[in-house]
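First the structure, in the form of structure tokens, and then the observations on it.
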Amino acid sequence: MADNARAKRLADLIREVVAQKLQRGIKDPRLGSHVTITDTRVTGDLREATVFYTVYGDEEERNAASAGLESAKGILRSEVGKAAGVKFTPTLTFVMDALPDTARNIEDLLDKARQSDEKVREASAGAEYAGGADPYRKPDEDETGTGAGADETDDTAK
């Protein structure tokens, strides 16, 4: 087993090599400039690498980019092998990154929460408290001589 630092360094190298090769070396029109490598993870034994990518465009462009990456997998693996200089070049697996979709969902949920908060603010704009501004009972200052404490003061005064 390799240590985590070595796996991290190899993952960073794979990310850089694949991104550069996609930008300059591969002439597949399906992989144009709208494919971005977002992350790379390597297993502890350095045998398998997962490359996460995003594609800016519609579903058709995403499918085309996925097919283009699968067809260029051999070329990209050989480039990684040349650059890494390791005994065994890791196999590459390309996975569509779900981060943009997750971020979009979170933004939609935050917008719904803002709209709900705005509706509550509008509904409570002219509202008053049900029991008054201060809901706690306080003894009246003008009432004296009632209750148990008043009897004790009368007994001591005699």
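Atom set for the values below is all heavy atoms of this structure, side chains included, hydrogens, waters and symmetry mates excluded. Start at 1 with the first residue, then count along the sequence.
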Just wondering, do Glu60 and Asn63 contact through their side chains at under 4.5 Å, heavy atoms? no

With side chains defined as the heavy atoms from C-beta onward, is the minimum distance between Tyr53 and Val18 less than 4.5 Å? no

Between Phe52 and Arg41, is the side chain to side chain contact (heavy atoms under 4.5 Å, CB included) condition met? List the steps. CA-CA 8 Å; Phe52 294 93; Arg41 295 186 186 147; 3.9 Å; yes

Say you draw a straight line from CG of Asp12 to CG of Asp39; how long is it, rounded to the nearest 0.5 Å? 8.5 Å

dist Arg121:CZ -> Arg114:CZ (nearest 0.5 Å) comes out at 11.0 Å

Any non-hydrogen side-chain atom of Arg62 less than 4.5 Å from a side-chain atom of Glu59? yes

Path from Val95 to Leu92 over hydrophobic side-chain contacts below 4.5 Å: no

For Thr40 and Arg15, which heavy atoms make the closest approach, and how far apart are they? OG1-CB, 3.2 Å

Evaluate the criterion side chain to side chain contact (heavy atoms under 4.5 Å, CB included) for residue pair Asp97 and Thr36; output intermediate values, then yes/no. CA-CA 10 Å; Asp97 197 356; Thr36 304; over 6 Å; no

Looking at side-chain heavy atoms only, is the closest gap between Leu13 and Arg9 below 4.5 Å? no

Is it true that Val17 and Ile75 fall in one hydrophobic cluster, defined by side-chain heavy atoms closer than 4.5 Å? yes

Report yes if some heavy atom in the side chain of Ile14 is under 4.5 Å from a heavy atom in the side chain of Ile37; otherwise report no. no

Are any non-hydrogen side-chain atoms of Ile26 and Glu79 less than 4.5 angstrom apart? no

